[in-house]
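All ligand and atom numbering here is 1-based and tracks the order in the structure.
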Amino acid sequence: GKLIKVYPEIKHAKHCIAIFASGAGSNAKKIIEYFSQSPNISVSLIVCNNAEAGVLKIAAHYHIPAIILDKEKFFRGNCYTDELKEAQIDLIVLAGFLWKIPALLVKVFAGKIINIHPALLPKYGGKGMYGRHVHEAVIAAGEKVSGITIHYVDELYDHGKNIFQAVCHVSSGETPDTLAARIHMLEHAHYSKVIEDILLNTGYITHHIN
Ligand code: GRF
């Protein structure tokens, strides 16, 4: 008789990332560029809470679909879980996303949401600690080092388990702007590689020495 080949359930070959961002989107841009030629990983959705945000121009430039969040639906509706499942998102990457992630989304994407914070958590995190406020606080406290923290996201701001940190020195005469610029460089250098390691086990996280 005729041979019928039975395929196992075919999952997509690629890991799909959704990037959530509220602002300029320089991290989003780096991540999109890093994975643009990847056979295994694709940035397949940009999610944004602000129709004026620079990240939407970046999404359009790279022809990546974007969702502009409706606040009511995000916080009191399905928090876009249907749309994210429909897009077969495997990992949610927060890159300067300023809204708190609702408990439902944390539950549905348990262990699959990560964030980057521009300081060495647990210090200088929590509500109100974002952007410039972080660097001002670090300098005001006379810290000699700062850096970046990439961590899992839970229902609390800047709270989930740490994945990766990288440090930089805070020199005398440092201003929030000079520190912000160096921290941005650290973010751009590491975030994509950490994401790649989370999805593909490249060993980057364990082998990276600060
Ligand atoms: C980054 O510094 C990130 O750590 C923080 O928000 C900033 C986003 O910058 N959470 P950009 O929009 O990626 O340029």
Side-chain angles (χ1 to χ4, degrees), residues 17-36 43 45-62 64 66-69 74 91-102 105-106 113-139 143 145-170 174-196 198 205 208 210:
I17 300 174
I19 301 179
F20 284 38
S22 302
S26 70
N27 279 284
K29 184 169 188 277
K30 283 281 167 189
I31 296 164
I32 292 165
E33 285 169 356
Y34 186 87
F35 293 116
S36 63
V43 176
L45 191 62
I46 300 293
V47 175
C48 182
N49 64 319
N50 171 11
E52 308 298 315
V55 71
L56 293 173
K57 293 207 174 68
I58 295 168
H61 181 264
Y62 290 94
I64 297 170
I67 293 177
I68 299 171
L69 297 171
F74 190 64
L91 185 70
I92 295 175
V93 171
L94 310 185
F97 184 68
L98 295 177
W99 283 358
K100 197 165 178 176
I101 300 301
L105 193 50
V106 172
I113 311 178
I114 64 170
N115 181 43
I116 191 162
H117 185 79
L120 298 172
L121 293 174
K123 283 176 134 185
Y124 307 104
K127 199 166 168 38
M129 276 292 170
Y130 61 89
R132 222 189 139 75
H133 303 291
V134 176
H135 309 305
E136 281 168 359
V138 166
I139 291 167
E143 296 286 356
V145 294
S146 190
I148 61 169
T149 304
I150 297 169
H151 63 93
Y152 287 106
V153 170
D154 62 16
E155 307 83 42
L156 304 172
Y157 273 118
D158 302 327
H159 182 265
K161 187 171 167 280
N162 276 1
I163 301 167
F164 178 93
Q165 291 187 311
V167 304
C168 66
H169 291 281
V170 179
E174 195 87 65
T175 69
D177 288 336
T178 60
L179 185 55
R182 295 223 314 293
I183 298 244
H184 250 120
M185 287 173 64
L186 277 183
E187 296 183 327
H188 296 164
H190 296 293
Y191 207 8
S192 301
K193 290 181 176 170
V194 169
I195 292 165
E196 188 176 39
I198 289 168
I205 295 164
H208 179 78
N210 288 326

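Of all atoms in ligand 1, listed by their number and element, those nearer than 4.0 Å to a heavy atom of Ser26 are 11 (P), 12 (O), 13 (O), 14 (O). The contact set between ligand 1 and Glu187, taken as ligand atoms under 4.0 Å from a residue heavy atom, comprises 1 (C), 2 (O), 3 (C), 4 (O).
The distance criterion of under 3.5 Å between nitrogen or oxygen atoms is not met by Asn115 with respect to ligand 1.
Distance from atom 10 (N) of ligand 1 to its nearest protein heavy atom, with residue and atom name: Ile116 O, 3.3 Å. Looking at atom 9 (O) of ligand 1, its nearest protein heavy atom turns out to be His184 NE2, 3.2 Å. The closest protein non-hydrogen atom to atom 12 (O) of ligand 1 is Gly25 N, 2.8 Å.
Pairs engaging residues 48-61 under the salt bridge (charged side-chain N to carboxylate O under 4.0 Å, His left out) rule: none recorded [sequence neighbours left out]. Note on residues 18-34: pairs passing salt bridge (charged side-chain N to carboxylate O under 4.0 Å, His left out), not counting sequence neighbours, are Lys29-Glu33.
Ion pairing between Glu155 and Lys100 fails under the 4.0 Å rule for side-chain N and carboxylate O. A salt bridge links Asp177 with Arg132; the closest basic N to acidic carboxylate O contact falls under 4.0 Å.
Between His190 and His208, the distance from one ring center to the other falls under 6.0 angstrom.
For the atom pair Tyr124 OH and His135 NE2, the distance stands at 12.5 Å (nearest 0.5 Å).
Nearest-residue assignment for atom 6 (O) of ligand 1 (options Gly23, Ser22, Gly96, Ala28; heavy-atom criterion): Gly96.
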